[in-house]
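Remember, predicted model here, so these are calculated numbers, not experimental data.
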Number of protein chains: 2
Amino acid sequence: MTETNPLVRKLGAFVALSDAELAVLASLHKRRRTFVAGRDLVHQGQSDQAAYILASGWACSYKLLEDGQRQIVDFQIPGDFLGLRSVLLHVSDHSIEPVTDIEVTEILVADLLDAFAQTPRLATAILWAASRDEAMVVEHLVDIGRRNATERMAHFLLELGARLALVGMGSKAGYACLLSQYLLADALGLSAVHVNRVLRQLREGGMVTFRDGFVAFDNYHQLADFAQFDPSYMDQRGPLLR
Amino acid sequence: MTETNPLVRKLGAFVALSDAELAVLASLHKRRRTFVAGRDLVHQGQSDQAAYILASGWACSYKLLEDGQRQIVDFQIPGDFLGLRSVLLHVSDHSIEPVTDIEVTEILVADLLDAFAQTPRLATAILWAASRDEAMVVEHLVDIGRRNATERMAHFLLELGARLALVGMGSKAGYACLLSQYLLADALGLSAVHVNRVLRQLREGGMVTFRDGFVAFDNYHQLADFAQFDPSYMDQRGPLLR
DNA sequence: CGTGAGGTTGACGATGATCAAAAAGTGTGG
DNA sequence: CCACACTTTTTGATCATCGTCAACCTCACG
């Protein structure tokens, strides 16, 4: 029942789960494991692996094209699932790489599905969490499809800040961020060179400064306005539990 | 237990659901409703509406930016959910527009959640379906982020064809497709003018002809090769049911 | 026959990629 | 502490892709 369990904290903060349900949730966590930065946890095409909950550190999920380009789909921060979709679909459609050294707890799918049978509200909570993740990917899609490079970067930095703020790792002042410009480029569908130029623009525009592993919002309101940032899609009301 | 119910058909084809579970699933379908092309079913920001299963016709889900641009996130074809994420998250992060006149059956969330309690395997099946949808969005994201306009169009036409083939509405020869070039543009993050040019290229390259409401694959293998199309992400094995 | 929606094509320009090179940090071993 | 290799950031120059503007065509429909 430890509050230090990031999944329990995440779901528990937004879903009224009973003690019994929390106990089931906590019991899902098996082995604690660590992975070093840069070494994939999950490979595209791999099957039958476990899912994880990220306890500390950052990871990213991405897809590689045959010609070697890659697209980062999403970054995961503490409390997020890693590879849930992979296990549900039997085979992973993407790879997952730790951006920093990470700690995770393993979750066995069999246990998860058993837990659904015991506590259906938990199934709803997980479905809700998956929907939130999907909403994030959708917003990322809009970002890449319809915003220019500068707006895209601005929007991305704001979104990441909002997500980090939810787990106490950021504020409207800024946040620690160890992503390289190459990672940003792969996430935003840009070249690393252009990422650098765009960051300079935003810095010189007095909106946000990304430097030395820290994102500092110099003018949060102006930035949010510029990026047309509307955080309602990450709305934090819990699922429709009855 | 009519097989004409598209959701039952879709889930039933990949999940071993018992008669009792199928009955619960069928009982979810409430009113049958129709909507005319072009008039939104769901508006971005709207809350507390129902979810639907698409019975006939095509729809699309999209997001509007403040400056009037729009990004189509996905097209829905018969058997697909409409607005499931919207109800789980309380408030819709996107709009849904019928591309053609459509028929849907309404599903009340309360019923859906009750059904989870009765038949947890159903919850797993729905979670699996949601994961498949998410995998589709992810592939779309990669499409827009890392493929050029021509590859993007090629990939999109192939993916749509594969999805339609699953519900008996297409083959490797081609499929009926009533999407306008404007819709394609909004889906692929291109301008309508460029969509036209790209379609010409693909036609003159002898790979695919989109004309008069029909997509004809002139050389399926060459097209799939050109687009680096790997359909494994829409893999059709069912969820991990126990 | 007129109107409007969708499709087609050309000319031009802007956004962002690519190529190239240098500067600044980071970690390693001597 | 320094030399080094290596990664990451920074900047400039050039080029290609794709958007914008504009015009015209076709077709369906009233």
Side-chain angles (χ1 to χ4, degrees), chain A residues 36-39 65 67-72 97 99-101 143-157 177-205 208-216 226, chain B residues 36-39 58 60 65 67-72 97 99-101 143-157 177-205 208-216 226:
Chain A
V36 299
R39 180 83 122 259
L65 300 194
D67 59 12
Q69 293 193 95
R70 85 165 175 177
Q71 174 67 47
I72 292 179
E97 175 188 308
V99 171
T100 65
D101 292 351
D143 220 11
I144 291 183
R146 286 297 180 201
R147 284 187 244 261
N148 66 32
T150 320
E151 292 164 356
R152 205 182 298 179
M153 176 66 75
H155 193 275
F156 173 81
L157 294 176
C177 175
L178 296 173
L179 303 178
S180 72
Q181 295 182 1
Y182 289 93
L183 285 171
L184 290 174
D186 281 345
L188 298 177
L190 298 171
S191 67
V193 171
H194 204 63
V195 163
N196 186 280
R197 281 191 258 264
V198 158
L199 286 175
R200 173 157 53 129
Q201 264 183 262
L202 290 171
R203 189 182 339 118
E204 291 175 352
V208 60
T209 303
F210 184 5
R211 185 163 266 173
D212 300 327
F214 198 86
V215 173
F226 171 75
Chain B
V36 299
R39 180 83 123 263
W58 292 24
C60 70
L65 300 194
D67 60 12
Q69 292 192 96
R70 85 165 175 177
Q71 175 66 48
I72 292 178
E97 175 188 308
V99 171
T100 65
D101 292 350
D143 220 12
I144 291 183
R146 286 298 180 200
R147 284 187 243 260
N148 67 31
T150 321
E151 291 165 357
R152 206 182 297 179
M153 176 66 75
H155 193 274
F156 173 81
L157 294 176
C177 175
L178 297 173
L179 303 178
S180 71
Q181 294 183 358
Y182 290 92
L183 286 170
L184 290 174
D186 281 345
L188 298 177
L190 299 171
S191 67
V193 172
H194 204 62
V195 163
N196 187 281
R197 282 192 263 261
V198 158
L199 286 175
R200 174 158 53 130
Q201 264 183 265
L202 290 171
R203 188 183 340 118
E204 291 175 352
V208 61
T209 304
F210 183 5
R211 185 163 266 174
D212 300 327
F214 197 86
V215 173
F226 171 74

One pair to check against side chain to side chain contact (heavy atoms under 4.5 Å, CB included): Val195(A) and Phe210(A). What are the steps and the verdict? CA-CA 11 Å; Val195(A) 163; Phe210(A) 184 5; over 6 Å; no

When you look at Met153(A) and Gln201(A), which way does the side chain to side chain contact (heavy atoms under 4.5 Å, CB included) test go after all the steps? CA-CA 11 Å; Met153(A) 176 66 75; Gln201(A) 264 183 262; over 6 Å; no

Over all strands shown, is Leu199(A) touching base, sugar-phosphate only, or nothing at heavy-atom distances under 4.0 angstrom? nothing

Can you tell which of dG7(C), dC19(C), dC21(D) lies closest to the side chain of Val193(B)? dC21(D)

Looking only at side-chain atoms of His194(A), point me to the closest of dG16(C), dT8(C), dT10(D). dG16(C)

Taking salt bridge (Lys or Arg N to Asp or Glu O under 4.0 Å) as the test, write out the residues that go with Glu97(A), two or more places apart. Arg70(A)

To the nearest Å, how far apart are Leu188(A) CG and dG16(C) P? 11 Å

Spell out, as yes or no, whether a donor-acceptor pair under 3.5 Å connects the side chain of Asp101(B) to the backbone of Ala37(B). yes

For Ser180(B), answer base if it contacts any base atom (sugar-phosphate contacts may also be present), sugar-phosphate if it contacts only those atoms, and nothing otherwise; contact means non-hydrogen atoms under 4.0 Å. sugar-phosphate

Smallest heavy-atom separation, Ala185(B) atom then Ala192(B) atom, equals CB-N, 3.5 Å

Whole angstrom value for the distance that separates P of dA28(D) from CG of Asp212(B): 9 Å

Please check if the side chain of Thr209(A) supplies one atom and the backbone of Ala216(A) the other of a donor-acceptor pair under 3.5 Å. no

Assuming nearest nucleotide by heavy-atom distance, tell me which of Arg197(B) and Arg197(A) is located more 5' along DNA chain D. Arg197(A)

Measure CZ/Phe210(A) against P/dT8(D) and give the value in whole Å, please. 12 Å

Whenever both distances are under 3.5 Å in a Watson-Crick or G-U wobble pair, mark it; put DNA chain D into dot-bracket that way, with [ ] for crossing pairs and | when the partner is on another strand. ||||||||||||||||||||||||||||||

Run the numbers on Gln71(A) and Asp143(B) for side chain to side chain contact (heavy atoms under 4.5 Å, CB included), then give the verdict. CA-CA 9 Å; Gln71(A) 174 67 47; Asp143(B) 220 12; over 6 Å; no

For a quick check of understanding: with a heavy-atom distance under 4.0 Å over all strands, which category does Val198(A) fall into, base, sugar-phosphate or nothing? nothing

From CD of Gln201(B) over to C1' of dG10(C), roughly how many Å is that when rounded to an integer? 15 Å

Check Arg147(A), His155(A), Arg152(A) against Leu188(A) for a side-chain contact (heavy atoms from CB on, under 4.5 Å) and give me the one that passes. Arg152(A)

Measure from CG on Leu190(A) to C1' on dT17(D) and round the result to the nearest Å. 14 Å

Figure out the CG/P separation between Leu179(A) and dT8(D), and round it to whole Å. 12 Å

Interface residues of residues 144-151 of chain B with DNA chain C (non-hydrogen, below 4.0 angstrom): none

By the 4.0 Å heavy-atom rule, please label Gly189(A) as base, sugar-phosphate, or nothing. sugar-phosphate

Derivation of the side chain to side chain contact (heavy atoms under 4.5 Å, CB included) call for Leu179(A) and Phe156(A): CA-CA 12 Å; Leu179(A) 303 178; Phe156(A) 173 81; 4.3 Å; yes

Can you measure Arg211(A) atom CZ to dA24(C) atom C1' for me and round it to whole angstrom units? 11 Å

Side-chain contact test, heavy atoms from C-beta onward, threshold under 4.5 Å: evaluate it for Arg146(B) versus Asp186(A) and give yes or no. yes

Out of dT10(D), dA17(C), dG7(C), which has the shortest distance to the side chain of Gln181(A)? dT10(D)

Rounding to a whole Å, what distance do you find between Leu183(A):CG and dT7(D):P? 14 Å

How would you label the contact of Arg200(A) with the nucleic acid (heavy atoms, under 4.0 Å): base, sugar-phosphate, or nothing? sugar-phosphate

Quick one: is Asn196(A) getting a side-chain N or O under 4.0 Å of the dT9(D) phosphate, OP1 or OP2? no

